[in-house]
Amino acid sequence: MKIIGLTGGIASGKSLVANWFIDAGFPLIEADSVYKRLATPGGSLYQKLLDFVPPYCIDGNKQIDWHKLGQVVFTDNDFRVRLNQLTHPAVEKAVKIEIEQFRNAGEKYVVLSVPLLFESGTDKLCDITICVFVDQEVQTRRLMLRDQIPGEYAKLKIAAQMSLEEKRKLADYTIDNSGSVKETKKQFKMVLDALRSE
Ligand SMILES: Nc1ncnc2c1ncn2[C@@H]1O[C@H](COP(=O)(O)OP(=O)(O)O)[C@@H](O)[C@H]1O
Ligand SMILES: [Mg+2]
């Protein structure tokens, strides 16, 4: 089974491309979804997070308020590093279990969508890596629109990540999502053909 690592920056179009992989019949594991699942009651990270995050990031139902936690994460570098140290091992462990389930089911491929693929070293698990990138202006605009946040905050979030310039150099395949969805789809199809003939 080939593991395809899909990455990009915030609002660069990872979900857009991930959905096309699903349409093409590829199983998908999203690191963010795994993380959110582990952080709900019953998940291995739930209690650890309740103990770790500032109390105002926990809502009345004792659930993580992701919006409020995001504001801390993106304004406090030290907190972000420590939070990642707490959560990454658990997410990686759960992702590896899901990978094995797909392998046992006889799948030929699995797509692993991980925003911090290179930063966290998860790329080492992958046979092939793909980076979906956009130029920073487009990225800022799409992030503001999608999350309904001001430009200053959008820029802060973007600045907290490895630049897309760097990420795309590390990836085996790149998809430029700065243009229309149609143009991106065309590139996706080319990558898909290349993957299938590898
Ligand atoms: N080529 C495109 N043209 C216009 N809007 C786009 C395009 N690609 C993505 N978007 C929009 O930009 C936002 C970010 O895309 P998304 O796939 O959610 O990014 P990610 O998963 O990387 O954070 C979404 O609101 C999406 O609908
Ligand atoms: Mg997404």
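Order of listing sets the numbers, starting from 1, for every ligand and every atom in it.
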How far is atom 17 (O) of ligand 1 from its nearest protein heavy atom, and which residue and atom is that? L16 N, 3.1 Å
For atom 11 (C) of ligand 1, tell me which residue out of K185, Q139, R142 has the closest non-hydrogen atom. R142
Part of S180 within contact of ligand 1 (heavy atoms, under 4.0 Å): backbone
Protein heavy-atom partner closest to atom 9 (C) of ligand 1 - residue, atom, separation in Å: N177 ND2, 3.7 Å
Could you tell me whether ligand 1 has any atom less than 4.0 Å away from a heavy atom of G179? yes
Flag the pair Y173 / M190 as yes when at least one side-chain heavy-atom distance between them is below 4.5 Å, and no otherwise. no
Looking only at heavy atoms, which two atoms of C131 and K167 are closest? And how far apart? SG-CB, 3.9 Å
Answer yes or no for G9: is there a heavy-atom contact with ligand 1 below 4.0 Å? yes
For the atom pair CD1 (I158) and CD (Q139), what is the distance rounded to the nearest 0.5 Å? 4.0 Å
Crowded around E198 CD? As in, over 12 foreign heavy atoms under 6.0 Å? yes
Kindly indicate whether atom 7 (C) of ligand 1 is approached by any protein heavy atom to under 4.0 angstrom. yes
Does either side chain, that of Q47 or that of D51, offer a donor lying less than 3.5 Å from an acceptor on the other one? yes
Could you name all protein N, O or S atoms found under 2.8 Å from the Mg ion (ligand 2)? S15 OG
Electrostatic pair E100:K96 at N-O distance under 4.0 angstrom: no
V53 and side chain to side chain contact (heavy atoms under 4.5 Å, CB included): which partner among I58, D65, L86? I58
State whether any protein heavy atom lies less than 4.0 Å from atom 27 (O) of ligand 1. no
How close does the nearest protein non-hydrogen atom get to atom 18 (O) of ligand 1, and which residue and atom is it? R146 NH1, 3.0 Å
Does G13 come within less than 4.0 Å of ligand 1, judged by its heavy atoms? yes
Are T40 and Y46 close enough that some pair of their side-chain heavy atoms sits under 4.5 Å apart? no
Should you measure from each heavy atom of V181, which atoms of ligand 1 turn up under 4.0 Å away? 1 (N), 2 (C), 3 (N)
For Q136, look at atom CD and say whether over 12 heavy atoms of other residues, nucleotides or ligands are found less than 6.0 Å away. no
Please tell me if the side chains of F26 and L6 come closer than 4.5 Å, counting only heavy atoms from C-beta onward. no
The criterion is side chain to side chain donor-acceptor pair (under 3.5 Å); which residues satisfy it with K185, sequence neighbours excluded? none
